[in-house]
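Please read the structure below before turning to the comments.
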Amino acid sequence: MRNGLNKDLIARVLGGAPKYTLEELEAKFPPRELKEGAFVTRFAPSPTGYMHLGGLYGSLIDCKLAQQSNGVFMLRIEDTDTKREVKDAVDIIIKSLEKFGLKYNDIPEYGPYYQSQRKDIYHSVAAYLLEKGMAYPCFLTAEEMEEIRAKQNAAGFATGIYGEWARDRDINDEDIVKHLDNGEVPTIRLYSNGNPEQRIFCKDAVRGSISFPESNEDTVLIKSNDRLPTYHFAHLCDDHFMRTTHVVRGEEWLSSFPLHVQMFRMMGWTPPLYIHTSTIDKIDEETGKQRKLSKRKDPEANVAFFLESGWPTESVIEYLGNIAASGYEEAKTKGQVKTFWDYEMRPKKIPMSGALFDMKKLEWWAKEYIATLSVPDLVKSVVDWANEYGSEDNKKQVSDIDYLTSVLSIERDNPKRIRKDFITWKQTLNEVSYFWDFLFKPNREYEYNKDALREFVANYDVKDDKDAWWQKIVCTAEKLGLKPGDVAMNLRVAMTGRTNTPDLYSLMQVLGGDKVAERINMVM
Ligand code: GLU
C-alpha cells in the first residue's frame, strides 16, 4: 500500500469528483433477491461489428444456465474501446440474440448495461482505490513506455509496468500536482501487491482450482485518453455490482485470471465463479488438423453467415447446445427431452478444450429439425427467410403462399416417412425450384422415350386418383413393351429435369394439367 490521495487531488486526477462512495454503490446495487442456486450470467460482447460463433456459443451457455435456474441473463455492451467501435455493431448483437432465441431478462435497476454509460461507477471505485493507496496516477508517456519495453526486451525481462519499472508507483503529491499543472492526464494504475514467487489459486467451475504465479503488474484501471476503464477494471466493478454469479468467457482470458482474482480479493469482494470455455475449432480441410475458426478463412465464424444462408437458427442452437452439454443428443434420441431448452445442462460438463464445430454435423441437426416442422411452420420459416435474405428469385417463389404450401406439403403427411432432404431455407427453395416456370430448366440431355410421353399425356387427366394415374402408366408401359418404372422416369425427368424427386403423382398434381402437358411438349 502507498499513501492515499486526498479528495481534491483525486478529483483532479480523475477529471471530476466521484459521484458515489463505495457504501452508496453497495446500497444502490444490493445483492439480488433470487432463490438459492439461481445463476446470474451475462453476455459481454465488445461491439466490433460482427458476432463470432464463439460469442453465440458462450451466450447460449449463459442464457441456458440462467433460464434453467430461474436466474438472470444480462446483455452488457463492452463499448470502452472507442477506437475499435463500429457503427451498427450493437444492433447486430441484439438482432443475433433475438434471431437465435436467446432472451435476456435483465432489469434496469442493475444497469446501465452499456459500459460507456457507467463511468460514474468506475470513477467512484477508482477514487476509493486512490484514497486507500491501492491505485495511483501514472504519467508515463507512450515514448517512455516504449523505452521501458525496449530495455526489458534487451535484458530479457518480462515486459510491462511492474516493480522498479513502475516509475510513478510511489509518486508524491507534489509531483502529481506538477504533472497535472502541466496539463497531463494520467492513467490510473493498480498498485499491485502481487509477488510472482508466490502462487495464487483461482477457481474455475469446470477446470477446478488452477494455480498461477501472482501478478505483479500495475495494470491500467482507467485509461488516460478517454478516462474509460480497461476490461480488467470494468469486469471487476460490473460483475460485482451487477451481482454476476457466473462469468462464462473464452479461455483466452485464463492468462488474466490471477489478476482478476487478486483484484476481487483486494476489494474484499467474493469473485464470481468462472467458466472458461473452449474456443470453437474446426478440422482444416487442407491439413486435416484441428484449428480455431478463423474470421478470415471460415465464413461460419460469423454468426451472420447462418442467418444469411438460411440455416434454421434452432438447429444451430441445438448443435451448439450439444457441444456444451454432450449428453443432450442421447436424451433427445431417447425421447426424454424435445429441445435443448428442456435439457438440464451441467456446468461441470462443459468442455474445457477442443470444442469442434462441423458443418456436416450441423446438416444432420438441421435436417432432423426441419423434419419435425408442420407444413405451416415450414412455409413460414421459408417465407420469412426469403423476404429478409433471399434473392429476387426466392422472393418470387414465396409470393404465392398457397402454391408454396402445396409444393412443401408433398410427402409430409406421414410423420414417420418425412423426407429429410431440406437442410436450409435457401437450399429448400433451390431443391423445389422446378415448380416455378421461371426457374425450371427442361432437361434436354436425357434420352426420352417420346412415344411413352406422347401416349401417357394423351390419356392423362389431372383429376385421376393415384390408382387411376398408375394404371395409365402401366397401360402405356404395356403398350410399348416397357417397364412402368421406365415410363415414370421419363415423366419425372420431363416434369422436373431431375431423376430424383419426391412423389411423382403428388408433384404432377401440384403442377396441374396444363403444366404437365406443357413440360412434355418442351422435350418432344
Ligand atoms: N468483452 C469481452 C470479450 O468480448 C468479454 C469477456 C467476458 O465475458 O468477460 O471478450
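Model, not experiment: these values are computed from the prediction. First listed ligand is number 1; within each ligand, the first listed atom is number 1.
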Cut-off 3.5 Å, side chains only: do Y231 and D81 have a donor facing an acceptor? no
Quick one about E251 and H276 (side-chain donor to acceptor, distance below 3.5 Å, no hydrogens or angles considered), yes or no? no
Taking E388 first and then K95, would you say they form a salt bridge - that is, a charged N and a carboxylate O separated by under 4.0 Å? yes
Using only heavy-atom distances, determine whether the side chains of Y136 and D218 contain a donor-acceptor pair under 3.5 Å. yes
May I ask you to check whether T141 and E144 show a side-chain donor-acceptor distance below 3.5 Å? yes
Give me each pair satisfying salt bridge (Lys or Arg N to Asp or Glu O under 4.0 Å) with a member in residues 225-249, each pair once, sequence neighbours excluded. E26-R243, R42-D239, R76-D238, R76-D239, R118-D238, K223-D226
Does ligand 1 have any N/O atom under 3.5 Å from a protein N/O, and what are those pairs and their distances?
{"unit_1": "ligand 1", "atom_1": "1 (N)", "unit_2": "A44", "atom_2": "O", "d": "2.8"}
{"unit_1": "ligand 1", "atom_1": "1 (N)", "unit_2": "S46", "atom_2": "OG", "d": "3.1"}
{"unit_1": "ligand 1", "atom_1": "1 (N)", "unit_2": "E78", "atom_2": "OE1", "d": "2.7"}
{"unit_1": "ligand 1", "atom_1": "8 (O)", "unit_2": "R42", "atom_2": "NH1", "d": "2.8"}
{"unit_1": "ligand 1", "atom_1": "9 (O)", "unit_2": "R42", "atom_2": "NH2", "d": "2.7"}
{"unit_1": "ligand 1", "atom_1": "9 (O)", "unit_2": "Y231", "atom_2": "OH", "d": "2.4"}
{"unit_1": "ligand 1", "atom_1": "10 (O)", "unit_2": "W253", "atom_2": "NE1", "d": "3.3"}

